[in-house]
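Take a look at the structure below.
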Amino acid sequence: MTAIRVRFAPSPTGELHIGGARTALFNYLFARRNGGTFMLRIDDTDLERSNKEYIDKLMDAMKWLGLQWDEGPVYQSQRVSEYLNEINRLVTEKKAYRCYCSVEELTAGREVARKENRAYLYPGTCRNLSPETEAIKLQEGIKPVVRLRTPDEGETIVNDLIRGEVSFDNRGLDDFIILKSNGQPTYNFASVVDDLQLKISHVIRAEEHLSNTPRQILCALALGHELPVFAHVSMILAPDRSKLSKRHGATSVEEFRSLGFLPEALVNFMALLGWSPGGSEEGSDIFSLAEMIDVFSLDKAGKTAAVYDTEKLTWMNGQYIRDCKIETLAEVARPFFIKRGLLPKKNGEDELQYLSKVIELVRERSKTLVELADLSFYFYRDDFSYDQKTLEKAFKKNGAAKILGDIAQQLQELKTFDRYTIEGLFNDFCLKSEISAGKIIQPVRLAVTGLGGGPGLFEIMELLGQERTISRLIRAAAFIQDEQR
RNA sequence: GGCCCCUUCGUCUAAUCGGUUAGGACACCAGCCUUUCAAGCUGGCAGCAGGGGUUCGAAUCCCCUAGGGGUCACCA
């Protein structure tokens with residue numbers, strides 16, 4: 001049995017989006033599941049559009065997701081001599097030939113075809129030029145391209161692990177370009193040479209490549225190599241069922257990261273797009289990377305394009321936030337607190353401990369790290385305003401100011417200031433004043449946090465400490481009296 | 001337009017060889033829990049694109065139609 005080797009081969013022309021990341025994930029899972037090798041290859045044969053910056057970002061994104069590759073990155077731009085060798089060989093063997101047709105000629109031909117409503121196929125103008133003619137063209141200074149001589153009849157069959165046998169009529173395939181006039185190979189060719197030379201056993205990629213596969217098979221056949229196994233995974237579509245693009249809001253891994261999503265959640269979510277572990281028992285869809293590796297197989301991959309739904313991702317993220325180890329969560333959440341202006345760039349031990357305690361209280365109601373930081377505002381700042389809706393209910397009742405004042409006074413007398421003693425005090429207060437707990441707790445919560453909801457009030461107060469709690473109650477009492485004037 | 005792929009709740013999906021009250025997850029709704037908001041728990045709503053066949057029996061097999069997507073570049 002041949003060694004399992006797969007590759008993820010993005011072109012560095014933009015940020016890694018969720019579709020590409022999902023393809024990387026499937027390759028990774030497949031390799032891990034089968035004890036194979038996962039390679040990263042950078043398909044940068046298009047010099048104009050490729051960008052160094054994107055290469056770095058891409059690798060960052062993959063590392064962040066936890067998709068560590070075993071080999072690479074291999075850069076196609078650094079393997080040009082390999083491609084040229086093979087192309088020269090094909091030309092010598094007459095399996096490929098130089099074409100001197102100008103871009104204008106070709107475009108004109110394409111125009112005509114479009115007007116006549118038929119597909120344009122290269123007519124084979126330069127298919128059988130005599131050496132003399134070639135010499136003249138060359139002398140004229142024309143830089144030729146190289147085209148692959150493709151069969152005029154028969155069919156090319158793609159054997160796909162997910163889609164079965166897909167056949168293409170060779171008559172619909174023309175002699176396509178494998179070497180551009182600038183001396184760079186085209187993607188279809190370079191990709192094939194790499195897959196063969198790097199001994200890729202399984203080509204797992206998005207469905208958009210299915211239509212190109214017969215061309216690649218023709219290349220491989222011309223080169224005289226065996227074919228890898230293909231698996232074309234269904235595409236990920238934007239909510240409007242169109243191809244993913246910037247106008248669809250968050251699509252790149254980087255964006256999801258800065259919106260406060262955890263890599264584990266994103267990976268989990270992506271895995272379930274176009275793949276399912278099977279079974280239909282009750283249970284959530286939460287799977288760790290390790291669990292997925294354990295059960296991953298391509299025959300459970302679906303054929304239908306998937307529309308991604310941020311709601312579900314968000315829910316998943318909430319699950320991960322809740323299950324995450326508190327120290328880990330504090331560490332990954334810290335940058336969001338810094339960005340929000342709640343923490344300085346460098347934090348001491350005290351700040352980190354306080355952060356952990358804050359997060360412990362708030363995380364249950366946060367679905368993203370951004371939300372986590374937002375909901376923690378009052379643990380760091382005193383200058384919050386009061387939520388308008390809650391204010392109407394909690395502060396505008398008769399006696400609210402007095403209650404706050406009384407509570408503040410009684411809290412002042414506490415020797416220990418923990419959740420239990422505070423709760424005891426509140427219970428006594430309710431009994432003596434014959435006011436229901438809710439009536440008291442609501443205004444106090446608003447006074448202390450500015451919000452109508454949140455973690456247990458007594459825990460908040462404990463963490464805030466006696467002094468800050470009391471001053472907030474006094475501030476609120478003053479605020480109410482001001483309003484009433 | 002040619003070629004290729006696809007079509008199960010709003011979304012992601014399950015359903016060994018055709019026989020299921022078509023299952024789960026998110027979202028939504030209701031109830032419970034509760035100092036609030038969440039979380040959690042319980043229940044509910046909701047789907048086989050349409051039409052023909054084949055068959056005792058079709059989400060499942062075949063054909064047609066419709067819809068969606070991809071690809072036809074000196075992009076990848």
Side-chain angles (χ1 to χ4, degrees), chain A residues 9-13 43-46 48-50 76 99 103 106-107 110 113-114 116-121 143-147 158 160 162-163 166-169 171-174 176-182 184 186-188 190-191 206-215 232 234-235 237 239 241-243 269 272-286 300 302-316 318-319 322 362-367 375 390 394 423 426 430 436-442 444-446 449 451-458:
Chain A
S11 65
T13 55
D43 282 9
D44 54 354
T45 49
D46 184 354
E48 312 231 323
R49 296 204 311 154
S50 291
Q76 288 195 320
C99 165
V103 175
L106 298 175
T107 318
R110 226 170 265 130
R114 201 167 52 85
E116 291 173 6
N117 241 338
R118 57 178 172 82
Y120 172 78
L121 294 178
K143 292 226 168 78
V145 299
V146 174
R147 292 181 182 270
V158 179
D160 192 281
I162 296 173
R163 280 153 220 285
V166 183
S167 65
F168 294 82
D169 193 327
R171 283 171 296 190
L173 263 27
D174 63 359
F176 54 93
I177 294 174
I178 57 180
L179 185 74
K180 308 181 218 173
S181 57
N182 68 1
Q184 290 287 318
T186 56
Y187 159 78
N188 275 326
S191 172
E207 193 197 332
E208 58 184 316
H209 292 283
L210 182 57
S211 301
N212 272 322
T213 308
R215 283 173 238 280
H232 287 96
S234 62
M235 310 251 312
L237 268 25
R241 300 205 73 83
S242 70
K243 212 177 169 183
F269 176 68
L272 264 21
L273 254 26
W275 178 81
S276 139
S280 69
E281 299 83 48
E282 290 230 12
S284 70
D285 286 346
I286 304 290
K300 292 196 210 103
K303 301 175 181 183
T304 322
V307 173
Y308 75 96
D309 174 21
T310 331
E311 297 267 19
K312 186 159 181 176
L313 205 211
T314 305
W315 166 79
M316 258 184 192
Q319 297 289 310
R322 239 162 279 133
V362 175
R363 69 156 155 187
E364 187 119 328
R365 42 229 102 205
S366 311
K367 291 190 168 124
L375 291 177
T390 318
E423 184 169 8
F426 270 75
C430 290
S436 72
K439 289 256 163 48
I440 296 167
I441 284 171
Q442 270 303 31
V444 173
R445 170 183 295 282
L446 186 63
T449 70
L451 301 173
L457 179 61
F458 310 127

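Chain letters run A, B, ... following the sequence lines, proteins first, then strands; residues in each count from 1.
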Take atom [atom1] in [N] and the same atom in [M], then report the distance between them in whole Å.
N: B:C9; M: B:A49; atom1: P; value: 7 Å
N: B:A25; M: B:G40; atom1: P; value: 12 Å
N: B:G51; M: B:A66; atom1: C1'; value: 10 Å
N: B:U13; M: B:G1; atom1: P; value: 28 Å
N: B:C74; M: B:G69; atom1: C1'; value: 27 Å
N: B:A59; M: B:G50; atom1: C1'; value: 14 Å
N: B:C29; M: B:G10; atom1: C1'; value: 14 Å
N: B:C61; M: B:C75; atom1: C1'; value: 41 Å

Would you kindly give the [atom1]-to-[atom2] distance between [X] and [N], to the nearest whole Å?
X: A:I441; N: B:C37; atom1: CD1; atom2: C1'; value: 13 Å
X: A:M316; N: B:U13; atom1: CE; atom2: P; value: 12 Å
X: A:L273; N: B:A25; atom1: CG; atom2: P; value: 18 Å
X: A:R363; N: B:A39; atom1: CZ; atom2: C1'; value: 12 Å
X: A:L173; N: B:C3; atom1: CG; atom2: C1'; value: 9 Å
X: A:R171; N: B:C4; atom1: CZ; atom2: C1'; value: 16 Å
X: A:L237; N: B:G10; atom1: CG; atom2: C1'; value: 16 Å

- Message: I'd like to compare against my own output: the B/S/- annotation of nucleotides 27-33 of chain B with a strict under-4.0 Å heavy-atom distance to protein.
- Response: S------
Provide the Watson-Crick or G-U wobble partner of [N], both distances under 3.5 Å; none if there is no partner.
N: B:A46; result: none
N: B:C61; result: B:G53
N: B:C32; result: B:G40
N: B:A66; result: B:U7
N: B:G18; result: none
N: B:G2; result: B:U71

Classify the nucleic acid contact of [X] as base, sugar-phosphate or nothing, counting any heavy atom under 4.0 Å across all strands shown.
X: A:G172; answer: nothing
X: A:H209; answer: base
X: A:T314; answer: nothing
X: A:G274; answer: sugar-phosphate
X: A:P455; answer: base
X: A:R445; answer: base
X: A:V103; answer: base
X: A:F458; answer: base
X: A:S211; answer: base
X: A:S191; answer: nothing
X: A:A437; answer: nothing
X: A:L457; answer: base
X: A:D43; answer: sugar-phosphate
X: A:E364; answer: base

With a 4.0 Å limit, can you tell me whether [X] has a side-chain N or O closer than that to the phosphate oxygens OP1/OP2 of [N]?
X: A:Q319; N: B:G40; answer: yes
X: A:T45; N: B:A76; answer: yes
X: A:R110; N: B:C74; answer: yes
X: A:T304; N: B:U7; answer: yes
X: A:K180; N: B:A76; answer: yes

- Query: Would you say the base of B:C37 and the side-chain of A:R365 have a donor-acceptor pair closer than 3.5 Å?
  - Reply: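 Donor-acceptor pair under 3.5 Å: yes.
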- Query: For the side chain of A:N188 and the base of B:A76, is some donor closer than 3.5 Å to an acceptor across the two?
  - Reply: no
- Message: Can you confirm whether A:L313 sits close enough to A:Y308 that some side-chain heavy atom of one is under 4.5 Å from a side-chain heavy atom of the other?
- Response: no
- Quick one: does A:T390's side chain get under 4.5 Å of A:R445's, heavy atoms only?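 The answer is no; the side chains never approach within 4.5 Å.
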Interatomic distance, [X] atom [atom1] to [Y] atom [atom2] [nearest 0.5 angstrom]:
X: A:K303; Y: A:S234; atom1: NZ; atom2: OG; result: 11.0 Å
X: A:T213; Y: A:N188; atom1: OG1; atom2: CG; result: 8.5 Å
X: A:F168; Y: A:N212; atom1: CZ; atom2: CG; result: 9.0 Å
X: A:E423; Y: A:I441; atom1: CD; atom2: CD1; result: 8.0 Å

- Between A:W275 and A:K143, just flag the one whose closest nucleotide in RNA chain B comes earlier from the 5' side. A:W275
- Item | Position toward the 5' end of RNA chain B (nearest nucleotide), A:D169 or A:L313 | A:D169
Is the backbone of [Y] close enough, under 3.5 Å, to the side chain of [X] for a donor and an acceptor to pair up by distance?
X: A:R215; Y: A:D174; value: no
X: A:R110; Y: A:Y120; value: no
X: A:T186; Y: A:I177; value: yes
X: A:R365; Y: A:G454; value: yes

- Message: Go through it in stages, so that I can follow the logic: the residues are A:I286 and A:W315, the test is side-chain contact (heavy atoms from CB on, under 4.5 Å), and I'd like the CA-CA distance, side-chain angles, deciding distance and then a yes or no.
- Response: CA-CA 10 Å; A:I286 304 290; A:W315 166 79; 4.0 Å; yes
- Message: Quick check for you: among B:U71, B:C12, B:C74, whose closest atom lies nearest to any side-chain atom of A:K243?
- Response: B:U71
- Query: Counting side-chain heavy atoms from C-beta on, which of B:A39, B:C4, B:C12 comes nearest to A:R322?
  - Reply: B:A39
- Could you label the plane-to-plane angle of the A:Y187 and A:H209 rings as parallel, tilted or perpendicular, counting under 30° as parallel and over 60° as perpendicular? tilted
